[in-house]
Amino acid sequence: MSYQLVMIRHGESLWNKENLFTGWTDVDLSENGINEANQGSILLKDAGFHFDVCYTSYLKRAIHTANYVLQGLDEEWIPMIKTWKLNERHYGALQGLNKSETAAKYGEEQVKIWRRSFDVCPPLLDQNDSRNPALQPMYQSVPSSELPLAESLKDTVARVIPYYEQCIRKDIQSGKKVLIAAHGNSLRALVMYLDGLSAEQILDLNIPTGVPLVYELNDQLQAVNHRYLGDEQLVKAKMQAVKNQGSK
Ligand SMILES: O=C(O)[C@@H](CO)OP(=O)(O)O
């Protein structure tokens with residue numbers, strides 16, 4: 001018995017377009033991001049994919065991407081489960097700063113550490129900052145002790161993976177076709193776990209926007225292989241573009 005899991009990072013957001021650290025800031029997709037989500041849907045449709053359930057975050061760029069994908073597949077009726085556990089990594093006080101300007105100010109190496117290291121946490125948001133999730137209606141049902149003021153990838157792994165194991169895994173195991181529409185770093189956390197990557201290996205992993213990533217899992221639900229749908233060169237160029245966001 002083998003299983004399958006499909007992930008998709010949201011299409012380009014308005015803040016991706018402006019090259020701003022985004023994290024839990026709830027921004028819309030750009031025009032290009034909408035096209036990317038629709039394109040992702042076409043790739044899935046052409047390859048014959050169907051879904052029984054979709055998991056996404058609380059953030060509208062991921063929710064809208066899921067909607068565009070499911071609309072294209074004519075499967076908007078399936079259950080869509082929204083959880084803050086799949087939110088983007090919280091970028092703390094870096095949120096809203098331009099990545100290139102931050103690289104010019106603090107150096108590209110420091111920005112790479114903030115963006116891609118496993119266990120370095122960005123500077124924390126102030127408790128009284130209106131962006132503190134504990135002060136926002138969106139997170140009112142979450143105990144404030146669980147809500148971050150910034151997160152490293154390690155912190156993100158610590159919330160994404162237990163959720164995957166407790167909730168998503170069960171659906172996959174019961175034979176449901178699962179789609180996860182999430183974010184660059186919440187998906188890096190999941191890929192790190194599924195592929196058993198080390199802290200060094202994860203440094204150079206960049207997830208492209210709006211491209212379906214298909215995992216084949218064995219009967220133990222271990223990853224046996226994965227592939228992006230679509231043109232290989234285009235996928236590589238999109239990954240490189242994500243990497244370059246941290247250049248001066
Ligand atoms: O700003 C962010 O929240 C993320 C994803 O867009 O960026 P990065 O690729 O720098 O981790």
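Indexing begins at 1, ligand by ligand and atom by atom, following the structure's order.
Counting only heavy atoms of the protein, atom 7 (O) of ligand 1 lies nearest to Lys99 NZ, 2.8 Å. For atom 5 (C) of ligand 1, the nearest non-hydrogen atom of the protein is Glu88 OE2, 3.1 Å.
Neither side chain, Glu12 nor Thr209, offers a donor N or O lying under 3.5 Å from an acceptor on the other.
The only option from Leu187, Val160, Leu190, Thr56 that meets the side chain to side chain contact (heavy atoms under 4.5 Å, CB included) definition with Leu86 turns out to be Val160.
In this structure, His50 has no ring pair (Phe, Tyr, Trp, His ring centres under 6.0 Å) partners at least two apart in sequence or on a different chain.
Residue Asn16 approaches ligand 1 through these ligand atoms, each under 4.0 Å from one of its heavy atoms: 6 (O). For ligand 1, the atoms lying closer than 4.0 Å to a non-hydrogen atom of Leu20 are 1 (O). Near Arg115, the atoms of ligand 1 lying under 4.0 angstrom from a non-hydrogen atom of the residue are 8 (P), 9 (O), 10 (O). Counting the atoms of ligand 1 from 1 in the order shown, those under 4.0 Å from a heavy atom of Thr22 are 1 (O), 2 (C), 3 (O). Atoms of ligand 1 lying under 4.0 Å from any heavy atom of Phe21, numbered from 1 in the order shown and given with element: 1 (O).
Tyr106 and Trp114 have their aromatic ring centers within a separation under 6.0 angstrom. Between Tyr164 and Tyr55, the ring centre distance reaches or exceeds 6.0 Å.
Heavy atoms from other residues, nucleotides or ligands lying under 6.0 Å from CD of Gln173 number more than 12.
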Is there a side-chain contact (heavy atoms from CB on, under 4.5 Å) between Met7 and Val191 once you walk through the steps?
CA-CA 10 Å; Met7 309 174 197; Val191 165; 4.2 Å; yes
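Asp171 and Lys176 are joined by a salt bridge, as a carboxylate oxygen and a charged side-chain nitrogen come within less than 4.0 angstrom of each other.
The distance criterion of under 3.5 Å between nitrogen or oxygen atoms is met by Tyr91 with respect to ligand 1. Ligand 1 has an N or O atom lying under 3.5 Å from an N or O atom of Gly23, backbone or side chain. Any N or O atom pair closer than 3.5 Å counts here, and Arg9 shares at least one such pair with ligand 1. Checked by distance only, ligand 1 and Arg89 stay at 3.5 Å or farther apart across all their nitrogen or oxygen atoms.
For atom 9 (O) of ligand 1, the candidate residues are Arg116, Gln245, Lys243; the nearest heavy-atom contact is made by Arg116.
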